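Below is one structure, written out as structure tokens; comments come after it.
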Amino acid sequence: MINYVYQLVSPHVFSLKYEEVDFKKEVIIRPKCMAVCHADQRYFLGRRDAKILRQKLPMALIHECCGQVVWDGTGSFQRGQKVVLIPNVPGRDDGVTYENYAEGSRFLSSGCDGFMREYVNLSPDRVVPFEQVSLPVAAITEFVSVAVHAAGRFVRAAHTRRETIGVWGDGSLAYVVCCVLRQLLPESRIFVVGKHERKLLQFSFADRTFLFDSLPEDFHIDHAFECTGGEGSYYAIDDIITAVRPQGAVMLMGVSENRVPVRTRDILEKGLTFTGCSRSGREDFVKAVELMEQPQFQKRLSAIIYEDRPVHTVADLSRVFETDLNTPFKTVFRWEI
């Protein structure tokens with residue numbers, strides 16, 4: 001079968017590729033709604049090292065997607081069933097390592113084609129069904145699953161005193177992390193530390209919000225999540241080391257292209273535990289869908305979504321990525337090519 005694949009061939013330039021695919025032994029999904037991630041933007045804008053761009057392009061972008069099953073040779077799904085797509089392709093299972101960190105694992109839209117295709121073929125374990133979730137919200141399931149993964153690792157790593165949890169960042173990642181923490185750890189008080197007062201107003205369900213340059217001298221927390229990334233990582237991690245109490249767990253989630261210096265002496269003196277969290281696995285997707293089917297949780301996620309106009313042509317793809325640069329929200333779009 002001939003499939004259409006929409007690839008980024010160089011920064012800002014998309015092109016259509018035709019490929020022959022054998023769909024007989026997998027689940028065939030027609031994408032319906034997609035979301036733009038900062039990782040996609042870095043490729044679109046050419047903000048990765050030139051050597052990396054040469055290695056990975058051309059490549060179809062997008063790893064956040066929901067769609068409908070059009071055919072399933074495995075008998076696992078019904079035709080027309082709504083599903084979310086898992087971009088992580090597991091590597092070697094050693095019984096210890098999470099699938100998203102396993103050696104030999106691959107990630108769609110990072111080294112191999114993502115979901116910008118006419119049809120997507122996946123093994124049934126890379127597909128999760130949903131019912132009571134709107135398509136724009138379902139499109140960001142992968143994003144939510146990353147927060148679920150981090151929360152799960154936090155529960156396993158942190159000591160049991162969890163009265164106060166600090167979240168550094170006021171963007172979409174910090175918002176979704178706070179949503180997940182509020183749902184999974186309802187007894188904990190959530191403090192959000194951000195840079196923009198306007199963005200912090202969205203965190204109405206958090207217990208308190210603070211501007212990063214106005215933290216009280218007696219500000220202390222039991223544990224922390226760093227969700228800033230980029231140049232803000234240094235300042236966030238520095239503040240966290242100061243504010244977190246001894247033996248606190250610190251979850252690092254923000255991506256930085258540059259080296260970030262940290263005060264190792266204070267980390268050692270306080271006995272802090274730093275855990276890096278990236279991507280997610282099937283269990284995280286299943287839990288994310290379970291949370292998203294709860295009306296209040298879904299309503300909160302809707303508050304950070306901007307739905308752009310549908311994509312009908314290759315030219316529309318550039319429009320979506322350009323629009324995403326100018327919105328503080330999570331950009332989603334209907335896939336109607």
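Model, not experiment: these values are computed from the prediction. Throughout, numbering of the chain's residues begins at 1 and tracks the sequence.
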Is the backbone N or O of Tyr119 less than 3.5 Å from a side-chain atom of Asn3, with the two atoms forming a donor-acceptor pair by type?
-> yes
Thr141 side chain vs Ala138 backbone, donor-acceptor pair below 3.5 Å: yes
So CG of Asp49 and CD of Gln55: to nearest 0.5 Å the spacing works out to 8.5 Å
As a quick check of understanding, evaluate salt bridge (Lys or Arg N to Asp or Glu O under 4.0 Å) for Lys17 and Asp113, giving each step before the final call. CA-CA 11 Å; Lys17 180 184 79 170; Asp113 285 330; 3.5 Å; yes
Determine, for Arg161 against Asp222, whether the closest basic-nitrogen to carboxylate-oxygen distance falls under 4.0 angstrom. yes
**Prompt:** Using 30° and 60° as the class limits, which term best fits the ring planes of Phe154 and Phe225: parallel, tilted or perpendicular?
**Reply:** tilted
message: Any salt bridge linking Arg334 with Glu307? Criterion: basic side-chain nitrogen under 4.0 Å from a carboxylate oxygen.
response: yes
- Item | Side chains of Phe210 and Leu200 in contact at under 4.5 Å (non-hydrogen atoms) | no
When you look at Leu108 and Val89, which way does the side-chain contact (heavy atoms from CB on, under 4.5 Å) test go after all the steps? CA-CA 8 Å; Leu108 307 187; Val89 182; 4.1 Å; yes
Check the orientation of Tyr6 and Trp335. Use parallel for under 30°, tilted for 30 to 60°, and perpendicular for over 60°. perpendicular
- Salt-bridged, Arg319 to Asp308, with N to O below 4.0 Å? yes
Self-check item: Cationic tip of Lys56 above Tyr43 ring, under 6.0 Å, 45° of axis
Solution: no
To the nearest 0.5 Å, atom CG of Asp266 lies from atom CD1 of Ile241 at 6.5 Å
Q: Would you confirm whether Ser214, through its side chain, and Leu211, through its main-chain N or O, come within 3.5 Å as a donor-acceptor pair?
A: no
Verify same cluster id: Leu301, Phe130 (apolar side-chain graph, 4.5 Å)
yes
May I ask you to decide if the ring planes of Phe219 and Trp168 are parallel, tilted or perpendicular, using 30° and 60° as cut-offs?
perpendicular
- Please work out which of the three classes, parallel, tilted or perpendicular, describes the rings of His149 and Tyr101, given edges at 30° and 60°. tilted
Query raised in the report: For the side chain of Asp316 and the backbone of His312, is there at least one donor-acceptor N/O pair under 3.5 Å apart?
Result: yes
**Item:** Lys287/Asp284 salt bridge by N-O under 4.0 Å criterion
**Value:** no
Would you check if there is a donor-acceptor pair between the side chains of Thr228 and Glu226 at a distance under 3.5 Å?
-> yes
* Could you go through the ring pair (Phe, Tyr, Trp, His ring centres under 6.0 Å) check for Tyr235 and Phe212 one step at a time? => CA-CA 9 Å; Tyr235 300 100; Phe212 79 102; 7.3 Å; no
With Thr242 as partner, the option from Lys270, Arg263, His220 fulfilling side chain to side chain donor-acceptor pair (under 3.5 Å) is Arg263
side-chain contact (heavy atoms from CB on, under 4.5 Å), that's the test. Do Lys82 and Glu131 meet it? Break it down for me. CA-CA 7 Å; Lys82 294 184 293 185; Glu131 294 181 3; 5.5 Å; no
**Study point:** Whether over 12 other heavy atoms sit under 6.0 Å from Arg259 CZ
**Key:** no
Check: Does a side-chain N-to-carboxylate-O contact under 4.0 Å join Arg106 and Glu99?
Finding: no
Next item on the list: Report yes if the distance between the aromatic ring centroids of Phe205 and Tyr175 is under 6.0 Å, otherwise no.
Entry: yes
Margin query: Does this structure show an ion pair linking Glu26 with Arg126, if we count only N-O contacts that are shorter than 4.0 Å?
Written below: no
Original post:
Asn100 side chain to Ser278 main-chain N or O, any donor-acceptor pair under 3.5 Å?
Top reply: yes
*Decide side-chain contact (heavy atoms from CB on, under 4.5 Å) for Lys299 and Gln296; before the verdict, give the C-alpha distance in whole Å, the side-chain angles of both, and the deciding distance to 0.1 Å.*
CA-CA 5 Å; Lys299 183 178 180 181; Gln296 185 182 47; 5.6 Å; no
For this session: May I ask you to decide if Ile190's main-chain N or O and Asp207's side chain share a donor-acceptor pair within less than 3.5 Å?
Result: yes
Met59 and Ser109 have their tightest heavy-atom pair at CE-O, 3.3 Å
Glu187 and Arg162: salt bridge (Lys or Arg N to Asp or Glu O under 4.0 Å), yes or no, with the steps? CA-CA 8 Å; Glu187 302 302 319; Arg162 302 167 184 174; over 6 Å; no
Greater than 12 external heavy atoms within 6.0 Å of Glu336's CD
yes
Would the distance check show the side chain of Arg30 and the main-chain N or O of Glu118 forming a donor-acceptor pair, the cut-off being under 3.5 Å? yes
Met292 backbone acceptor or donor facing Gln298 side chain under 3.5 Å: yes
Q: Check for a donor-acceptor pair, side chain of Arg153 on one end and backbone N or O of Gly276 on the other, with a separation under 3.5 Å.
A: yes
Item checked: Any donor-acceptor pair under 3.5 Å from Gln183 side chain to Val180 backbone -> no
CG (Asp324) and SG (Cys37) are apart, to the nearest 0.5 Å, by 9.5 Å
Should the pair Arg282-Asp125 be classified as a salt bridge under the 4.0 Å nitrogen-to-oxygen rule? no
In short, Pro31 meets Val120 closest at the heavy-atom pair CG-CG2, 3.8 Å
Could you go through the side-chain contact (heavy atoms from CB on, under 4.5 Å) check for Glu322 and His12 one step at a time? CA-CA 9 Å; Glu322 294 289 352; His12 298 274; 3.5 Å; yes
